[in-house]
Amino acid sequence: MTQEIRLRFAPSPTGYFHVGGARTALYNWLIAKKQGGSFILRIDDTDELRNRQEWTDGIIAALDWLGIDFDEGPYFQSQRKDRYFQQAREFYEKGLAYYCNCTRDQIDERAKMRGGQPGYDGFCRDRALSSEPGYALRFKVPPGDTVVNDVVRGTVTFANSTIEDFILLKGNGAALYVLANFVDDVDLKISHVIRAEEHLPTTPKAVLLYEALGVQSPIFAHLPVLVNEKRVKLSKRRDRVAVEDFRDQGFLPEAMVNYLALLGWSPGDDLEFLDRQELIDLFDLSKVSKSPAFFDVVKMKHFNKHYMASLNVNDFIGRCLGVLEANSWWTGDESQMASFHVIAPFVQERIALLDEVVEMVDFLFTDSVLLEVEQYNFSDIDLDVLSKFLVKIEGEDNFTRDRLEEHFRSLGEDLGLALRKLQAPIRLSLTGKKVGPPLFVAMEILGKERSLNRIRNAVASRH
RNA sequence: GGCCCCAUCGUCUAGAGGCCCAGGACAUCACCCUCUCAAGGUGGAGACACGGGUUCGAAUCCCGUUGGGGCUGCCA
């Protein structure tokens, strides 16, 4: 009898969606796909004070952008309060839970007198309090040990004596995380719970709940946390690691997915660049590493450059449109599109991030990026190069990249100068920059008239 | 403090007792190629935290130490 494979990603919408959550979602999705199961999105919004609709929307948009699609959901915990309450009452009626009216202060006070160990002491366990407004419902933790079988950690044993009688229902009757999670995982028939390591300490509580109800626990897997350069867990407040920020910076979703998959997992065999299907085929939870991983944007950029270069040109062009449109000089008319098509392949292999496209091509579409006459700081040699190059190309009617390069090379021979020296002043006068796409392709696009004008203008800097 | 997890180059990792005086990738350095940049090529530097065991043999197994991290909320 095989159990259905059902995995869920259950973020709480209390902030922007960061890369750690994205990786957790990805790993769940990967297993669901690999095993032909379902991937479910559940929004854990039981904390009414901190949840916001916009964060939920952001999570869904980011998952969509990454190509992590879900088969069911989103389900919202905020809509299942009655069910949690009902389940909690069942625990109470079976004598597995009890009401407690201790305040935090009283609990701390007693802990202090006991000798420092913080935590609840079971004060109300045998007081047989009944339900009243303001009373919390606590689970009666039995004696013994609780074992968590974890695919990445192995067997982890907790002494129940170190687990306090935890709260199921708050004084206002609302469910707490452990309860809501448990009920939903049972109701949704979740087979694998894959989440970050920070949840490991609460897992025995969930296991206790499964045991109390005689329900089989799902398979657990706790992933190593993602850390910042200081080696502490990535935080929404401290670290700028929002998925949407990376998207806006011009990262490609396929690059991000590939990089994220490798943060904490490796397929072996020195494999690095894996597409979605390869990821699905090779992914293996038992090979997930146990130690925290540093989220390295520099390395992700390398992945991005690779994926950028592998795009077919039309795809690349399509993805550039968004960043081009943010510039006033871009009209997107036929002429501009034609120019961009010509330069695109040369740009594509040079940039790591999508928005770098702007500085690579702006000179083709606007004069505003060119230097002012007084800003050129040409040497006599530079000026000599420019005027002699002008002479050579002024009479050229076939203004193509090949012809231009021939003139350029012959100029080098004439002057006995290295070509790298020659191109510098030409590029600067033509593009206003020291680096850029191949010069003669650029000139071909600019055309004879504009090219000559720009060089003449630069030469005019001589006084 | 308590409970739990973790520990290979700066970073991500390969390594599941001999194939490892430890391999790959990013970053870094040098050189080559080259109209700039990028790409590519070649080469360099760079790690098994420490101490005990077990074993003919340990990065790999066990114990301890140290270090780091997570949790410790009527947050998730």
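Reminder, nothing fancy here: chain letters follow the sequence lines and each chain counts from 1.
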TODO: Tell me whether the centres of the aromatic rings in A/F251 and A/F303 are closer together than 6.0 Å.
DONE: no
Open item on the list: In whole Å, I'd like the distance from the CG atom of A/L234 to the C1' atom of B/rG69.
Closed with: 13 Å
Protein N or O to nucleotides 45-49 of chain B N or O, pairs below 3.5 Å:
none

Open item on the list: Less than 4.0 angstrom between a side-chain N/O of A/R409 and OP1 or OP2 of B/rU34, yes or no?
Closed with: no
Task: Nucleotide B/rA25, atom C1' - distance to NE2 of A/H302 in whole Å - done: 7 Å
Task: Spacing of A/F294 atom CZ relative to B/rG69 atom C1', expressed in whole Å - done: 16 Å
Task: Nucleotide opposite B/rC26 in a Watson-Crick or G-U pair, distances under 3.5 Å - done: B/rG10
Task: Rounded distance [0.5 Å steps], NZ in A/K301 versus CG in A/D296 - done: 11.0 Å
Task: Within the 6.0 Å centroid threshold, strictly below: A/Y98 and A/F123 - done: no
Open item on the list: Just to be sure I understand the rule, does A/K301 reach a base, reach only the sugar-phosphate, or reach nothing, if contact means heavy atoms closer than 4.0 Å?
Closed with: nothing
Task: Distance between P atoms of B/rU11 and B/rG68 (Å, rounded) - done: 15 Å
TODO: Using the six-membered ring wherever Trp is involved, compare the ring planes of A/F389 and A/F408 and label them parallel, tilted or perpendicular (cut-offs 30° and 60°).
DONE: perpendicular
TODO: Rounded to the nearest angstrom, tell me the gap between atom CG in A/L262 and atom C1' in B/rG24.
DONE: 11 Å
Please write out each protein N/O paired with an N/O of nucleotides 2-9 of chain B under 3.5 Å, distance rounded to 0.1 Å.
{"unit_1": "B/rG2", "atom_1": "O4'", "unit_2": "A/Q117", "atom_2": "OE1", "d": "3.4"}
{"unit_1": "B/rC5", "atom_1": "O2'", "unit_2": "A/R153", "atom_2": "NH1", "d": "2.5"}
{"unit_1": "B/rC5", "atom_1": "O2'", "unit_2": "A/E197", "atom_2": "OE2", "d": "3.0"}

Open item on the list: Tell me if the centroids of the rings in A/F295 and A/F246 come within less than 6.0 Å of each other.
Closed with: yes
Task: Protein-nucleotide distance (A/K230, atom NZ; B/rG70, atom C1'), rounded to Å - done: 18 Å
Task: Ring centroid separation A/Y99 to A/Y92 under 6.0 Å - done: yes
TODO: Please give the nucleotide sitting opposite B/rC3 as a Watson-Crick or G-U wobble pair, both distances under 3.5 Å, or none.
DONE: B/rG70
- [ ] Look at the side chain of A/E356 and the backbone N and O of A/A352, then say whether any donor-acceptor pair between them is shorter than 3.5 Å.
- [x] yes
Open item on the list: Among residues 410-431 of chain A, which ones have heavy-atom contacts with RNA chain B below 4.0 Å?
Closed with: A/L419, A/R420, A/Q423, A/R427
Open item on the list: Please evaluate residues A/H199 and A/Y177 with respect to the criterion ring pair (Phe, Tyr, Trp, His ring centres under 6.0 Å), reporting the C-alpha separation (whole Å), side-chain torsions for both, the decisive distance (0.1 Å), and the verdict.
Closed with: CA-CA 11 Å; A/H199 294 279; A/Y177 160 78; 5.6 Å; yes
Task: B/rG40 - base-pair partner by Watson-Crick or wobble geometry, distances under 3.5 Å - done: B/rC32
TODO: State whether A/K305 places a side-chain N or O below 4.0 Å from either non-bridging phosphate oxygen (OP1 or OP2) of B/rA39.
DONE: yes
Task: B/rC50 pairs with, by Watson-Crick or G-U criteria that keep both distances under 3.5 Å - done: B/rG64
- [ ] Determine which nucleotide pairs with B/rG17, using a 3.5 Å limit on both distances of a Watson-Crick or G-U wobble pair.
- [x] none
Open item on the list: Looking at A/Y84 and A/A174, would you say the former's side chain and the latter's main chain have a donor-acceptor pair under 3.5 Å?
Closed with: no
Open item on the list: Could you measure the distance from the CG atom of A/L188 to the CD1 atom of A/I40? Nearest 0.5 Å is fine.
Closed with: 5.5 Å
- [ ] May I have the distance from A/N228 (atom CG) to B/rU11 (atom P), rounded to whole angstrom?
- [x] 13 Å
Kindly give the atom pairs (protein nitrogen or oxygen, nucleotide nitrogen or oxygen) under 3.5 Å for nucleotides 14-22 of chain B.
none

Task: Interatomic distance, A/N457 atom CG to A/L386 atom CG [nearest 0.5 angstrom] - done: 11.0 Å
Atom pairs under 3.5 Å, N or O on each side, protein against nucleotides 73-76 of chain B: can you list them with distances?
{"unit_1": "B/rC74", "atom_1": "OP1", "unit_2": "A/R104", "atom_2": "NH1", "d": "3.1"}
{"unit_1": "B/rC74", "atom_1": "OP2", "unit_2": "A/R104", "atom_2": "NH1", "d": "3.2"}
{"unit_1": "B/rC74", "atom_1": "O2", "unit_2": "A/G171", "atom_2": "N", "d": "2.7"}
{"unit_1": "B/rC74", "atom_1": "N4", "unit_2": "A/C102", "atom_2": "O", "d": "3.4"}
{"unit_1": "B/rC75", "atom_1": "OP2", "unit_2": "A/K170", "atom_2": "NZ", "d": "2.9"}
{"unit_1": "B/rC75", "atom_1": "O2'", "unit_2": "A/D47", "atom_2": "OD2", "d": "2.3"}
{"unit_1": "B/rC75", "atom_1": "O2'", "unit_2": "A/R50", "atom_2": "NH2", "d": "3.2"}
{"unit_1": "B/rC75", "atom_1": "O2", "unit_2": "A/R50", "atom_2": "NH2", "d": "2.8"}
{"unit_1": "B/rA76", "atom_1": "OP1", "unit_2": "A/T46", "atom_2": "OG1", "d": "2.5"}
{"unit_1": "B/rA76", "atom_1": "OP2", "unit_2": "A/Y177", "atom_2": "N", "d": "2.8"}
{"unit_1": "B/rA76", "atom_1": "O3'", "unit_2": "A/D44", "atom_2": "O", "d": "3.3"}
{"unit_1": "B/rA76", "atom_1": "O2'", "unit_2": "A/S12", "atom_2": "OG", "d": "3.0"}

TODO: For this output row, return yes or no: ring centroids of A/F9 and A/W29 closer than 6.0 angstrom.
DONE: no
Open item on the list: Using whole Å, what does the distance between atom P of nucleotide B/rC35 and atom CG of A/L404 come to?
Closed with: 15 Å
Open item on the list: As a quick check of understanding, evaluate side chain to side chain donor-acceptor pair (under 3.5 Å) for A/N228 and A/R240, giving each step before the final call.
Closed with: CA-CA 10 Å; A/N228 63 20; A/R240 286 311 296 174; over 6 Å; no
TODO: Please tell me which of A/V298 and A/V435 maps to the more 5' nucleotide of RNA chain B, matching each residue to the nucleotide holding its nearest heavy atom.
DONE: A/V298
Task: Watson-Crick/G-U partner (both atom distances under 3.5 Å) of B/rA45 - done: none
- [ ] Evaluate the criterion side chain to side chain donor-acceptor pair (under 3.5 Å) for residue pair A/T157 and A/D145; output intermediate values, then yes/no.
- [x] CA-CA 7 Å; A/T157 305; A/D145 290 335; over 6 Å; no
Task: Sub-4.0 Å heavy-atom contacts from residues 346-354 of chain A onto RNA chain B, ordered by number - done: A/E349, A/R350
- [ ] Check step by step if side chain to side chain donor-acceptor pair (under 3.5 Å) holds for A/Y75 and A/D184.
- [x] CA-CA 9 Å; A/Y75 295 109; A/D184 283 342; over 6 Å; no
- [ ] Return the minimal non-hydrogen interatomic distance between A/I43 and A/P74, and the atom names on each side.
- [x] CG1-CB, 4.1 Å
Open item on the list: If you count heavy atoms of other groups shown closer than 6.0 angstrom to CG of A/L417, is the number above 12?
Closed with: yes
Task: Result of checking A/K205, A/R138, A/R125 against A/D165 for salt bridge (Lys or Arg N to Asp or Glu O under 4.0 Å) - done: A/R125
Task: Between P of B/rC26 and CG of A/N258, the distance in whole Å - done: 13 Å
